[in-house]
Amino acid sequence: MANTPQAKKRIRRNARRADINGARVSRIRTYVKKVETALAAGDKEAAAAALREVQPELARGVSKGVLHKNTAARKFSRLNKRLVALG
């Protein structure tokens, strides 16, 4: 258990940050899922529009530190590859 005031403050801060970061990651997952759903349905226009929306979300996740930049690049690349393969 934390004894010093600073350690107690860090526990409070870490809990707050975990909530915020969890919401960010969840938001990114939602956007990625929209692209995957459109790809599964074979709707190229909807998939392309969703892909344009997911790109800044991935970049925002990288800048906020919830995603590694290579993870974001890999996700975007794989989604884009699937979109191109759609036709």
Side-chain angles (χ1 to χ4, degrees):
M1 188 63 205
N3 290 321
T4 65
Q6 182 59 32
K8 291 175 183 174
K9 181 179 177 180
R10 292 294 293 197
I11 289 170
R12 290 193 310 269
R13 190 194 69 90
N14 289 344
R16 262 196 321 270
R17 296 311 304 173
D19 289 343
I20 292 167
N21 289 340
R24 284 193 175 119
V25 172
S26 175
R27 180 179 167 94
I28 291 168
R29 280 197 201 112
T30 301
Y31 277 90
V32 169
K33 200 171 288 185
K34 284 181 187 176
V35 178
E36 290 175 341
T37 304
L39 287 170
D43 190 354
K44 189 169 182 175
E45 288 90 23
L51 191 64
R52 281 192 297 274
E53 290 177 0
V54 81
Q55 200 270 336
E57 288 298 324
L58 288 171
R60 193 171 297 120
V62 170
S63 70
K64 298 295 185 180
V66 296
L67 281 180
H68 192 275
K69 66 178 183 176
N70 288 350
T71 302
R74 183 181 67 241
K75 285 181 184 294
F76 186 74
S77 176
R78 287 180 179 171
L79 289 172
N80 196 36
K81 184 178 176 182
R82 286 174 60 191
L83 178 66
V84 169
L86 197 59

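Quick note: residue numbers are just sequence positions, from 1. Just so it is clear, the model here is predicted, and its values are computed rather than measured.
Scanning for side-chain contact (heavy atoms from CB on, under 4.5 Å) contacts around Thr4 gives Gln6, Ala7, with sequence neighbours left out.
For residues 64-84, no pair satisfies side-chain hydrogen bond (donor to acceptor under 3.5 Å, both in side chains), with sequence neighbours left out. Within the structure, the salt bridge (charged side-chain N to carboxylate O under 4.0 Å, His left out) test picks out no pair touching residues 40-50 (sequence neighbours left out). Sorted by first and then second residue, the pairs that involve residues 14-27 and meet salt bridge (charged side-chain N to carboxylate O under 4.0 Å, His left out), not counting sequence neighbours, are Arg27-Glu57.
Here the side chain of Ser26 pairs no donor or acceptor atom with the backbone of Gly22 at under 3.5 angstrom.
Within a 6.0 Å sphere centred on CG of Asn14, heavy atoms belonging to other residues, nucleotides or ligands number more than 12.
Hydrophobic side-chain contacts under 4.5 Å tie Ile11 to no other Ile, Leu, Val, Met, Phe, Trp or Tyr residue. Applying the 4.5 Å side-chain rule to ILVMFWY residues, one finds Val25, Ile28, Val32, Val35, Leu39, Leu51, Val54, Leu58, Val62, Val66, Leu67, Phe76, Leu79, Leu83, Leu86 in the same cluster as Tyr31.
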